[in-house]
Structure formats: C-alpha cells, structure tokens
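All residue numbers refer to positions in the sequence shown, counting from 1. Note that the structure is predicted; figures quoted are calculated from it, not measured.
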Amino acid sequence: MMSISDNLQAIRHRIADAARACGRDPADILLLAVSKTKPDADIIAAHAAGQTAFGENYVQEGCDKAQRLEEAGLALDWHFIGPLQSNKTRQVATWFDWVHSVDREKIAARLSEQRDPHRPPLNLCIQVNVSGETSKSGVAPDEVAALADAIAALPRLALRGLMAIPEPTDDVALQRRRFAHLRQLKDDLNARGHRLDTLSMGMSQDLEAAIAEGATIVRVGTALFGARS
C-alpha cells in the first residue's frame, strides 16, 4: 500500500507532467489537499511531506481541525470548498484563509463583516455552475459579473477568482469545454477591471484537462488520502 507521502509525490508528478504538456510552469499550480473526513494524522503526514494547503467541505469539522493543528504548531493554509450557509459564516471567517464556494452576495457580505480586520483579507472565489446542473451549487455564468462587482466592493475580502465542479465525465473534450468556459468568464471579468488570478478547477479524475485550460488550484482528495469512508 502506498503511503500518503508516495501518493503526494505521484500527484505532483501528474501536475508537473500536465503543466509541461501545455507549456505551463508547474510552480504556477497549487495542489489543494482535500482532507474532509480524514483524521488529523493524515494531514500531519501530508504536511511532513511538504503539503501546506488543505481543503475542507464541512464547517465544524474544518474549524476544529484548523484549531487543533494550529495549537499543535502546524502552519497550514485552510481553504473552505463546500456549500456555506449564512449561519456558519462567522466560523469560516475566523478559521479559514480561503473560501472557494461563494455564490451569493449575502454570504460574501457576512464573511466581510465577520473577518477580523487585523487579519489578512479573506481570499474568495465565486463558485460557478458551468454544467447547469440543478442539484449543484454555484451561480449561473450570466450572473457572475454582477456578483463579482458586489464582492469587490466589500472590505476585508480579496476576490481572487472562480471555482467550478463540473459534472463527472470521462469525455476529455467535454471536461476541457467546461474548464475553458470558466477561464473565459475569468478573462471577461478581468477585461471589466477585476484583477483575478485564480481558477480553482480540476480534481483527481480530471486535473490534466483543468491544467490544460488554465487551472491554478487543483483539488485532490481521493488520489492522495484514499477513498473516503
């Protein structure tokens, strides 16, 4: 059985190979280790192998981990990547460095109000539903510009980019079209005066397609930590 360190090395090689295949610098792509439902010991093992950025989907679980591991002396970057309800924003504003899943102005406004002004601004990505799935979170593509303008006006936040979770498919051409759509939305926003530098897209099964279309953060859980129980 491969260790977390071995898995991490294999994923880094995948990212580097995918980047080089499309003429990109692998250093421009952040690996976000998705650690939801995984124990602290797995995070500590990944950190020992050089991983510092971790993604959590559940507010209480993620905040508890962030607090425990900070008290243990680990300097980690915490990214919230799951659906966020308005009654949970204070905890996320307190313990996380990034939120990838903002799809409503109300959520952004609460995060802005509840972020400690003595801490760095909270980095935000707007989640976009590029597949049009009714069951999936995310703002519709034609509503992204208005939401971006509203978020950019809020204090204590830094609007960094866009995130998407397209529907699973083995069709690489379709994967790339979904990711290319998100990249075009980012380019359109920058043409409107925004300064976005982040595309959070691609997971264990489709990170190569995402990197080919400009991903700057890929979110990997299963390939790193194994299947979730």
Atom pair [atom1]/[atom2] of [X] and [Y] - distance to nearest 0.5 Å:
{"X": "Asp64", "Y": "Tyr58", "atom1": "CG", "atom2": "OH", "result": "14.5 Å"}
{"X": "Ser112", "Y": "Arg156", "atom1": "OG", "atom2": "CZ", "result": "5.0 Å"}
{"X": "Arg20", "Y": "Asp25", "atom1": "CZ", "atom2": "CG", "result": "9.5 Å"}
{"X": "Leu111", "Y": "Glu113", "atom1": "CG", "atom2": "CD", "result": "9.5 Å"}
{"X": "Ile126", "Y": "Leu196", "atom1": "CD1", "atom2": "CG", "result": "7.5 Å"}
{"X": "Ile15", "Y": "Asp28", "atom1": "CD1", "atom2": "CG", "result": "12.0 Å"}

I'd like to check [X] versus [Y] (side-chain heavy atoms, cut-off strictly below 4.5 Å). Are they in contact?
{"X": "Thr216", "Y": "Arg24", "result": "yes"}
{"X": "Arg195", "Y": "Asp197", "result": "no"}
{"X": "Ser86", "Y": "Ile107", "result": "yes"}
{"X": "Arg192", "Y": "Asp149", "result": "yes"}
{"X": "Ser204", "Y": "Val220", "result": "yes"}

Determine whether [X] and [Y] fall in the same hydrophobic cluster, where Ile, Leu, Val, Met, Phe, Trp and Tyr are linked whenever their side-chain heavy atoms lie under 4.5 Å apart.
{"X": "Val92", "Y": "Leu69", "answer": "yes"}
{"X": "Leu199", "Y": "Val130", "answer": "yes"}
{"X": "Leu76", "Y": "Val59", "answer": "yes"}
{"X": "Leu207", "Y": "Leu32", "answer": "no"}
{"X": "Trp95", "Y": "Leu74", "answer": "yes"}

For [X], is the [atom1] atom crowded, meaning more than 12 foreign heavy atoms sit under 6.0 Å from it?
{"X": "Gln9", "atom1": "CD", "value": "no"}
{"X": "Arg90", "atom1": "CZ", "value": "no"}
{"X": "Asp170", "atom1": "CG", "value": "no"}

- Message: Out of the candidates Arg177, Arg183, Lys186, only one should pair with Glu213 under the salt bridge (Lys or Arg N to Asp or Glu O under 4.0 Å) rule; please name it.
- Response: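 Testing Glu213 for a salt bridge (Lys or Arg N to Asp or Glu O under 4.0 Å) against Arg177, Arg183, Lys186 leaves exactly one candidate, Arg183.
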- Do the rings of Trp78 and Phe54 sit parallel, tilted or perpendicular, given the 30° and 60° boundaries?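 Because their plane-to-plane angle lies in the 30° to 60° range, the rings of Trp78 and Phe54 count as tilted.
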Polar side-chain atom of [X] near backbone of [Y] as donor-acceptor pair, under 3.5 Å:
{"X": "Arg219", "Y": "Val34", "answer": "no"}
{"X": "Glu56", "Y": "Cys63", "answer": "no"}
{"X": "Arg115", "Y": "Ala93", "answer": "yes"}
{"X": "Arg68", "Y": "Asp40", "answer": "no"}
{"X": "Gln91", "Y": "Gln60", "answer": "no"}
{"X": "Lys65", "Y": "Ser35", "answer": "yes"}
{"X": "Arg119", "Y": "Asp97", "answer": "no"}

- Task: Take Thr94 and Asp116, measure what side chain to side chain contact (heavy atoms under 4.5 Å, CB included) needs, and give me the verdict at the end.
- Result: CA-CA 7 Å; Thr94 299; Asp116 184 341; over 6 Å; no
- Item | Leu31 vs Leu8, side chain to side chain contact (heavy atoms under 4.5 Å, CB included): CA-CA, chis, key distance, verdict | CA-CA 9 Å; Leu31 169 60; Leu8 193 55; 3.5 Å; yes
What is the minimum heavy-atom distance between [X] and [Y], and which atoms define it?
{"X": "Gln51", "Y": "Ala33", "value": "NE2-N, 3.6 Å"}
{"X": "Leu189", "Y": "Ala148", "value": "CD2-CB, 3.9 Å"}
{"X": "Ala209", "Y": "Phe179", "value": "C-CD1, 3.8 Å"}
{"X": "Ile151", "Y": "Ala108", "value": "CG1-CB, 3.7 Å"}
{"X": "Pro83", "Y": "Ser101", "value": "N-OG, 4.5 Å"}
{"X": "Val218", "Y": "Ala215", "value": "CG1-CB, 4.1 Å"}

- Worked check of side chain to side chain contact (heavy atoms under 4.5 Å, CB included) between Glu167 and Arg178: CA-CA 9 Å; Glu167 82 279 26; Arg178 300 301 194 202; 3.2 Å; yes
- Carefully, step by step, assess Arg110 and Leu84 under the rule side chain to side chain contact (heavy atoms under 4.5 Å, CB included). CA-CA 11 Å; Arg110 289 179 65 87; Leu84 182 55; over 6 Å; no
- Message: Can you confirm whether the side chains of His100 and Asn123 place a donor and an acceptor under 3.5 Å from each other?
- Response: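 Distance-only check fails for His100 and Asn123.
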- Message: With no hydrogens and no angle check, just 3.5 Å: does a side-chain donor-acceptor pair link Thr89 and Gln114?
- Response: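 Per modelled atom types, Thr89 and Gln114 side chains form a pair under 3.5 Å.
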- Task: Sort out for me which residue in Val102, Ile165, Asp103 forms a side chain to side chain contact (heavy atoms under 4.5 Å, CB included) with Ser137.
- Result: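 Of the listed options, the one satisfying the test is Asp103.
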